[in-house]
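Data block below; observations after.
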There are 2 protein chains.
Amino acid sequence: MAISIAIIEDQDEIRNMLTILLNGSEGFSCIASYSNAEEAIAEIPKIKPDVVLVDIHLPGQSGIACINTLKPLCAETQFMIRTSLEDTDTIFEALKAGANGYIVKSTSPSKLLDAIVEVYHGGSPMSSQIARKVVSSFQNNESKKNKTEVALLSKRENEILQFLSKGLRYKEIADKLFLSTETIRTHIRNIYEKLQVNSRTDALNKVFGSKGNP
Amino acid sequence: MAISIAIIEDQDEIRNMLTILLNGSEGFSCIASYSNAEEAIAEIPKIKPDVVLVDIHLPGQSGIACINTLKPLCAETQFMIRTSLEDTDTIFEALKAGANGYIVKSTSPSKLLDAIVEVYHGGSPMSSQIARKVVSSFQNNESKKNKTEVALLSKRENEILQFLSKGLRYKEIADKLFLSTETIRTHIRNIYEKLQVNSRTDALNKVFGSKGNP
DNA sequence: AAAGCAATACCACGATAGTAGTAATTCAAT
DNA sequence: ATTGAATTACTACTATCGTGGTATTGCTTT
């Protein structure tokens, strides 16, 4: 089966060129094309193409906003951003919004087809520069276990902090660790003192980054 | 200035080959090589090479553990994993640990040099398959604002939830919103009911993902 | 017009959490 | 050998939270 593709692109010429390219290539089938995000949002959830090529700059709603809306509606569909230059921040935003990969517009037709196959098969084609941005962002999230703070705490204290983060009550923590509730109290008092806070939520926000507020 | 490189690789032959390749190529300089992680951990922080090539499978400590220790000590240094096959999970772990890119061992010398230049210049060379894993993981972190749950809550309730996540007391929230503490109480009771929880921490863990526990 | 929800507000009770002071034991470091 | 931190544990008091019941107002939706 050919890979079914939809195009969102405001410039008529380019849209037509892409359509012709795709339909003229074996294994590819362009099943729809739209000149704006609104139209695409209305139609794409019904036809669920395998891959959608999205121009990042669209007249009304941007390509990013468009993906943001569409991706939750068609989880199976792969969205590939088309961008003019290597605008890392914009591409990064698009990936956050749910895009699965991107290509620069100047990419040769054969490489474009390659990239479509790649996203279709579960890859995320991107330059190593963008990759670095993504990796860094994700490394930050992983290691936001504020090492300075955590280092202050003893083994036991860290252990208890873990349970605190799960929302357990003192009694429950005590039972898990076969300790007296009063001991847990003492540990938590010490934890709070070391972290310079005075509530569970403050402690968690201090050690693991804030949740709701970046 | 040539890019200074250190190698961590347990097989003598390969280590020597790499050293020769690097020193024989213009713009590259292999300034150190180690056959195990422990030795590398002791020395690399002192010499701070531009790039370190790390074999993922090492006799004692693994390459991943090694990067985990070293990366915080030399933030400027770029770590590049060398792996035999496209073992996505392992590579993924390595990236979490702080690696900046990877290459498969079968890569041709010229491409290896290219990749080194790429990491050195702030890229993260990786296949599109790995890129996808990284992107997905990071998309999860971004959108873990459990939309199903949040949608249940009214505007006011979400607002209050934000303050809850900051660790404010009922009284403090009330003051911020110019409402009675009792009103906050009521809202929070409703929030808890909608989320099917019965404590602040549980509510936060439900809506924003759990922090300390993946 | 009635039903329903969102938003506001109060009272009262019991549970949980946070604060303060104190102390014994153990283990590591000086 | 002594100091110091970690771990354990207790008592007592206060503050904050969680829960239940109830009520008014205003806006939608039927």
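Here is how names work: the chains are called A, B, and so on, in the same order as the sequence lines, proteins then strands, and each is numbered from 1.
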A/E159 atom CD is separated from D/dA6 atom P, nearest whole Å, by 15 Å
Interatomic distance, B/E182 CD vs D/dC17 C1' [rounded to whole Å]
12 Å
B/K133 and B/I91: CA distance, side-chain angles, deciding distance, side chain to side chain contact (heavy atoms under 4.5 Å, CB included) verdict:
CA-CA 10 Å; B/K133 271 203 86 135; B/I91 295 170; over 6 Å; no
Report yes if some heavy atom in the side chain of B/L95 is under 4.5 Å from a heavy atom in the side chain of B/M126; otherwise report no.
yes
Does A/D202 come within less than 4.0 Å of A/K206, counting only side-chain N to carboxylate O?
no
Spacing of B/K194 atom NZ relative to C/dA7 atom P, expressed in whole Å
7 Å
B/H187 has an atom NE2; how far is it from atom P of D/dG18, in whole Å?
16 Å
For the pair B/Y192 (side chain) and B/R200 (backbone), establish whether a donor and an acceptor sit closer than 3.5 Å, ignoring hydrogens and angles.
yes
Checking only heavy atoms, does the side chain of B/R200 share a donor-acceptor pair with the base of D/dG18 at less than 3.5 Å?
no
Counting side-chain heavy atoms from C-beta on, which of D/dT19, D/dC10, D/dT8 comes nearest to A/S180?
D/dC10
Could you state the atom-to-atom distance from OH of A/Y170 to P of D/dC17 in whole Å?
12 Å
Phosphate oxygens OP1/OP2 of D/dA9: is one of them under 4.0 Å from a side-chain N or O of A/T183?
yes
Against the side chain of A/R185, the closest entry in C/dT19, D/dT8, D/dT19 is C/dT19
Going through the checks in order, is the side-chain hydrogen bond (donor to acceptor under 3.5 Å, both in side chains) test met by B/S4 and B/D50?
CA-CA 5 Å; B/S4 63; B/D50 294 326; 3.2 Å; yes
Want to settle it: does B/G167 or A/E157 sit nearer the 5' end of DNA chain D, counting the closest nucleotide to each?
A/E157
At under 4.0 Å, does any side-chain N or O of A/S154 touch on OP1 or OP2 of D/dT7?
yes
Sugar-phosphate, base or nothing in reach of A/S199, heavy atoms under 4.0 Å
sugar-phosphate
Distance-only, no hydrogens or angles: does the B/T77 side chain make a donor-acceptor pair with backbone N or O of B/P49 under 3.5 Å?
yes
Axis-to-axis angle between the two ends of the helix from C/dA1-D/dT30 to C/dT30-D/dA1 (five base pairs per end, rounded to 10 degrees):
50°
Side chain of B/L179 only, heavy atoms from C-beta on: which candidate in C/dT19, C/dT8, D/dG18 is closest?
C/dT8
Which whole-number value in Å describes the distance from B/L177 CG to C/dA9 C1'?
15 Å
Value in whole Å for how far the C1' atom of D/dC17 lies from CG of B/N190:
15 Å
In this structure, how many angstroms lie between the C1' atom of C/dC5 and the CZ atom of B/R189, rounded?
16 Å
Residue pair B/D55, B/K105: steps toward the salt bridge (Lys or Arg N to Asp or Glu O under 4.0 Å) verdict:
CA-CA 9 Å; B/D55 186 351; B/K105 289 185 180 174; 3.1 Å; yes
Among D/dT19, D/dT8, C/dT19, the one nearest B/Y192 by side-chain distance
D/dT19
